[in-house]
Amino acid sequence: MCDDELIPPRADLTEDQWARTAGTGPAGAAVPAATPDTAAPARGVHRRTLLGGAVAGAALAALPFGAQQPAAAAPRAGAPGRFPLPSAPGPSGEYAVLITGDAGTGAAEQYAVTAAAAEVCRTEHVGLAVGLGDNIYENGPESADDAEFAEKFERPNTGIDVPWLMVLGNHDCSGLIPGSGGDPSRGDHEVAYAATSRRWYMPGRYYNVALPAGGSQGEPLVEFFALDTNPVASYVAQTDPHYYWNGPYMREQRRWLDAALTASRARWKVVLGHHPYLNNGQHGSAGSYDGFVIGNYTSGIHLKKLYEEVVCGRADLIMSGHDHTLQILEPTDRTRGTRQLVCGAAAKTGDGKAHFTHPAAWQDFSRHGFMVLKVAAGAMTIDAYVVDIATKKARLAHRTRTTRPVAAGAGVAAGAGVAAGAGVAAGAR
């Protein structure tokens with residue numbers, strides 16, 4: 001959500017109820033089955049928000065709401081001249097991957113961050129990039145050829161000429177109200193866009209990519225598993241049965257993820273999802289997003305279960321955006337060795353303070369930035385960069401290195417964190 005927009009006053013309201021319900025009410029209050037047309041809008045739902053949603057709603061009227069695309073990711077031929085997935089590591093023997101999130105504003109801050117990132121990409125020989133959702137603010141694209149793809153993705157990222165593994169965020173799946181995640185089918189426009197873009201890689205709403213590409217060098221070194229977390233973490237209740245929290249789409253996605261992680265022979269495994277499992281920023285963690293602890297949607301309780309039952313202890317990293325902050329959290333017994341990254345500060349920033357106390361190797365709640373993941377057989381390294389918007393320059397703020405994959409043994413993975421510039425070891429694990 002935008003920082004100046006409020007979440008629903010009660011858990012699991014539909015978008016219509018959200019727009020029409022008066023007052024804030026407690027989180028545990030009963031959700032009305034229906035509300036009168038004359039009811040006042042909820043406090044905090046700004047006129048700009050509703051007007052923007054009305055425009056989006058009018059555009060969506062011509063679209064088949066809840067169009068049911070095949071759940072499993074199917075490879076696409078992609079655009080002519082598309083940038084290829086890396087088939088070999090860079091000169092240092094590592095695969096270097098740019099990590100960004102919540103970038104798609106088209107504003108000066110996005111351009112400054114990508115300019116800084118482009119310079120780092122050249123130095124580090126980055127061959128792949130990740131976009132962790134909220135790719136097209138505020139409402140998501142209206143079609144597969146929406147001009148916003150150029151305005152908020154292609155032009156800002158000029159010079160970072162690599163494939164971008166893209167993930168759907170709540171703003172990409174807006175319904176009537178921007179950022180609600182209330183129309184997951186809207187994300188199909190972003191899947192379709194991959195057929196015409198040289199950079200944008202999204203062969204399905206969820207998918208996996210292994211490096212080296214082509215499988216010509218034996219077992220893969222690293223594999224990425226991109227998720228669509230919107231149907232189980234939306235700000236409003238889903239109204240299309242296909243996208244219910246327990247509907248066919250989420251059941252199939254869970255089966256796919258479980259099978260894909262089981263089948264993976266990669267040494268390192270990375271799960272990409274817009275909504276985080278753990279988070280010290282203002283949105284909070286799955287199961288209690290934004291203070292909600294009830295309902296099937298707003299709290300993210302079913303995403304929490306998905307992460308805990310399918311991902312934790314099997315993947316080395318969960319990478320997420322949603323919160324406009326930079327966080328490298330520590331793997332713990334709770335996560336069974338899996339580390340959570342939050343990297344959502346590519347165009348917006350947080351409120352400057354930590355709201356929760358999950359153990360962190362490093363975190364920043366007030367500055368723009370991005371991360372670079374570097375993967376070799378012997379180690380996985382995460383470099384966190386903060387960006388000065390005025391000068392468009394990045395500074396390495398922290399480095400964390402892990403030497404043992406989660407799959408190599410039970411418990412917390414081995415590694416060390418270093419605060420770059422300060423030269424202070426964060427401790428061995």
Side-chain angles (χ1 to χ4, degrees), residues 1-4 52 79 82-83 96-142 145-172 174 178-179 190 193-194 196-202 274 319 321-326 342-352 364-373 383-397:
M1 294 293 288
C2 302
D3 293 337
D4 63 345
R82 68 192 182 278
F83 300 115
V97 183
L98 172 67
I99 310 299
T100 70
D102 300 69
T105 64
E109 292 83 358
Q110 181 187 8
Y111 275 86
V113 171
T114 54
E119 186 174 332
V120 172
C121 286
R122 287 190 291 271
T123 302
E124 297 289 349
H125 301 281
V126 164
L128 185 68
V130 169
L132 289 168
D134 284 357
N135 309 311
I136 306 293
Y137 279 106
E138 299 289 336
N139 301 306
E142 302 287 348
D145 57 0
D146 194 315
E148 289 194 308
F149 284 112
E151 296 168 4
K152 299 178 179 179
F153 177 75
E154 300 290 354
R155 283 200 287 270
N157 292 313
T158 298
I160 307 179
D161 298 334
V162 299
W164 287 69
L165 309 185
M166 303 303 289
V167 173
L168 292 171
N170 52 293
H171 279 272
D172 303 305
S174 292
E190 298 196 3
Y193 180 67
T196 61
S197 172
R198 298 180 69 193
R199 291 182 182 84
W200 189 285
Y201 187 95
M202 189 182 277
H274 179 67
M319 292 186 178
H322 195 48
D323 223 273
H324 302 153
T325 57
L326 300 166
V342 180
C343 188
K348 302 184 179 187
T349 57
D351 62 357
D364 190 293
F365 298 93
S366 60
R367 289 179 288 187
H368 292 88
F370 58 90
M371 298 182 189
V372 174
L373 173 71
D383 288 345
Y385 290 85
V386 294
V387 174
D388 180 81
I389 297 301
T391 62
K392 301 180 182 178
K393 296 296 182 181
R395 178 178 65 83
L396 179 61

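Put simply, CD on Glu148 and OH on Tyr193 are 12.0 Å apart, with the number rounded to the nearest 0.5 Å. A distance of 10.0 Å separates CZ in Arg367 from CG in Asp388, rounded to the nearest 0.5 Å.
At least one donor-acceptor pair closer than 3.5 Å links the side chain of Asp172 to the backbone N or O of Asp134. Listed for the Thr325 side chain is no donor-acceptor partner under 3.5 Å among the backbone atoms of Ser366. Side-chain atoms of Lys152 come within 3.5 Å of backbone atoms of Tyr137 as a donor-acceptor pair (strictly under, hydrogens ignored).
Look at Lys393 and Glu119 and you find a salt bridge, because one of the NZ, NE, NH1 or NH2 atoms lies within 4.0 Å of a carboxylate O, short of that distance.
Between Phe370 and Tyr385, the ring planes lie parallel to each other; the angle is under 30°, not in the 30° to 60° tilted range.
Across Ala384 and Leu396, no two heavy atoms sit closer than the pair O-CD1, 3.6 Å. A pairwise comparison of heavy atoms in His125 and Ala96 identifies O-CB, 4.0 Å as the closest pair. For the pair Ala117 and Leu98, the tightest heavy-atom approach, listed with the atom from each and the gap, is CB-CD1, 4.0 Å. Shown here for Ala347 and Ala103, the closest heavy-atom pair between the two residues is CB-O, 3.4 Å. Residue Arg199 comes nearest to Ile160 through the heavy atom pair NE-O, 3.4 Å, listed as atom of the first residue, atom of the second, then distance. In terms of heavy atoms, Thr100 sits closest to Ala346 at CB-CB, 4.1 Å.
Residue pairs satisfying the side-chain hydrogen bond (donor to acceptor under 3.5 Å, both in side chains) criterion with at least one member in residues 103-114, sequence neighbours excluded, are absent.
In summary, the side chains of Glu138 and Ser174 do not present any donor paired with an acceptor at a separation below 3.5 Å, with no hydrogens or angles considered.
Residues Asn135 and Phe153 fail the side-chain proximity criterion, which asks for heavy atoms closer than 4.5 Å. Counting only heavy atoms from C-beta outward, the side chains of Thr196 and Asp145 never approach each other to under 4.5 Å. Inter-residue side-chain proximity for Pro163 and Arg82 is flagged as unmet; no heavy-atom pair is nearer than 4.5 Å. With contacts defined as side-chain heavy-atom distances shorter than 4.5 Å, the pair His324/Asp102 qualifies.
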**OP:** Could you please spell out the steps behind the side-chain contact (heavy atoms from CB on, under 4.5 Å) verdict for His274 and Asn170?
**Re:** CA-CA 8 Å; His274 179 67; Asn170 52 293; 2.9 Å; yes
**OP:** Could you walk me through whether Leu326 and Val386 pass side-chain contact (heavy atoms from CB on, under 4.5 Å), step by step?
**Re:** CA-CA 9 Å; Leu326 300 166; Val386 294; 4.2 Å; yes
Original post:
Would Leu373 and Met319 satisfy side-chain contact (heavy atoms from CB on, under 4.5 Å), going step by step from the backbone distance to the final call?
Top reply: CA-CA 11 Å; Leu373 173 71; Met319 292 186 178; 3.6 Å; yes
**OP:** Let me see the working for Met202 and Leu168 under side-chain contact (heavy atoms from CB on, under 4.5 Å), right down to the final yes or no.
**Re:** CA-CA 9 Å; Met202 189 182 277; Leu168 292 171; 4.0 Å; yes
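Evaluated for a ring pair (Phe, Tyr, Trp, His ring centres under 6.0 Å) with Trp200, the options Trp164, Phe149, Phe83 yield exactly one hit, Phe149.
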